[in-house]
Amino acid sequence: MLEPSHKGKTFPPFTYTIERSKLREFLLAVGEDDPAYDAGDPPLPPTFPTLFAFWSGSGLEGVLAQVGVEIYNVLHSEQEYEYLAPIHIGDTVEGQAAITNIYQKAGMDFMEIVTDYKNQAGVPVLKDRALIIVRGEGG
Amino acid sequence: MARYFEDVNVGDELPELVKDPVSETQLVRYSGASGDFNPIHTVPRVAQEVGLDGIIAHGMLIMAFGGQFLTAWAGAGAVRRYKVRFSGMTKPSETVVCRGQITEKIDEGGQSLVRGRLTIKGADESLKLKGDFTVELPRKSG
């Protein structure tokens, strides 16, 4: 069972710089061929921010390590992105994650993690809300 | 071709997006692109050790398909909010279909927002995820 006292825990800020080659890699992986993403200053695909945390090493994996959970014991239940301002190639975003809720439902442990991102000018650009299910030990 | 706020009506269906079958190579590619190296998506032995009968696609890859579906309709950069709840796993060689419908238009305070719902299902109609979204569309004038 997840320790309820982890609720409210915040994590050190992390940064990620958006690169065009990483955007291309993402588009190829998804099978997205919209020429809008070839523009000089293209918008980012809606779920591109997924990699901010993974590639910073301080996102979900870091959060899970802090609460003693292995990533392969985690199921992703819900994901939400709220886009507050455009993010551009070359921007460095800073994310800060917090455990905003921990609860049990139907015999399963749920943990909500909210990560707020701002750009290098300090402007809020993105809110990332993930709800994960932690599977029991030894299942 | 831009899609305008004035041309959208509550109840409109978005054009279906039928994706190519998910492949093992795609899951390797997506792991590298996203940085999500959870081995249940790429290493059959680990997937079996945690009780799966083989590797499964990243939920976030399926959500990305939904993002492609939304921007194909609304335009790249138009999405303001996108939320999904994951329901079922997707395995390599599965084909998924994205469908959606407009549920609300918000035309006040200079806003031109459109809300809707989407589902992503397998070829056998098994639900992979469902979600909702908000997009901002340009107006024809002003």
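Just so it is clear, the model here is predicted, and its values are computed rather than measured. In what follows, chains are A, B, ... by sequence order, proteins preceding strands, each numbered from 1.
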Review point. What's the spacing between A:H76 NE2 and B:R85 CZ if we round to 0.5 Å?
Key: 12.0 Å

Check your understanding: Between atom CG of A:L131 and atom CZ of B:F86, what is the distance when rounded to the nearest 0.5 Å?
Key ->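 These two atoms lie 10.5 Å from each other.
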
Practice item. Show your reasoning for whether side-chain contact (heavy atoms from CB on, under 4.5 Å) applies to B:Y82 and A:T47. Key: CA-CA 9 Å; B:Y82 178 26; A:T47 67; 3.9 Å; yes

Among the clusters formed by ILVMFWY side chains lying less than 4.5 Å apart, do [X] and [Y] turn up in the same one?
X      : Y      : answer
A:F14  : A:W55  : yes
B:V97  : B:L70  : no
B:L118 : B:L127 : no
B:F37  : A:Y16  : yes
A:V93  : A:L84  : no

Can you confirm whether [X] sits close enough to [Y] that some side-chain heavy atom of one is under 4.5 Å from a side-chain heavy atom of the other?
X     : Y     : value
B:M63 : A:Y81 : yes
A:P46 : B:T71 : yes
B:L61 : A:V30 : yes
A:Q79 : B:K83 : no

Practice item. Against chain B, label A:Y37 side chain, backbone, both or neither, depending on which of its atoms sit under 4.5 Å from a heavy atom there. Key: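 Answer is side chain: those atoms of A:Y37 sit under 4.5 Å from chain B.
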
Point to revise | Proximal component of A:R24, with respect to chain B [non-hydrogen, under 4.5 Å] | key: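 Neither part, no heavy atoms under 4.5 Å.
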
Residue pair [X] / [Y]: nearest heavy atoms and the distance that separates them:
X     : Y     : value
B:V79 : A:Y83 : O-CD1, 3.4 Å
B:G77 : A:P43 : CA-CB, 3.6 Å
B:A33 : A:F26 : CB-CA, 3.8 Å

Review point. Do you know which of A:L27, A:L51, A:L44 has the most heavy-atom pairs under 4.5 Å to chain B?
Key: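 When all of A:L27, A:L51, A:L44 are compared, A:L51 has the most.
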
Practice item. Find the one option among A:R129, A:E70, A:K127, A:E32 whose heavy-atom pairs under 4.5 Å with chain B are most numerous. Key: A:E32

**Study point:** side-chain contact (heavy atoms from CB on, under 4.5 Å) evaluation trace for A:T50 with B:Y30
**Key:** CA-CA 11 Å; A:T50 306; B:Y30 184 78; 3.9 Å; yes

Looking at [options], which one has more heavy-atom pairs under 4.5 Å with chain A than the rest?
options                    : answer
B:G67, B:S31, B:S34        : B:S34
B:R80, B:H41, B:E49        : B:R80
B:Q26, B:Q68, B:K19, B:R29 : B:Q68

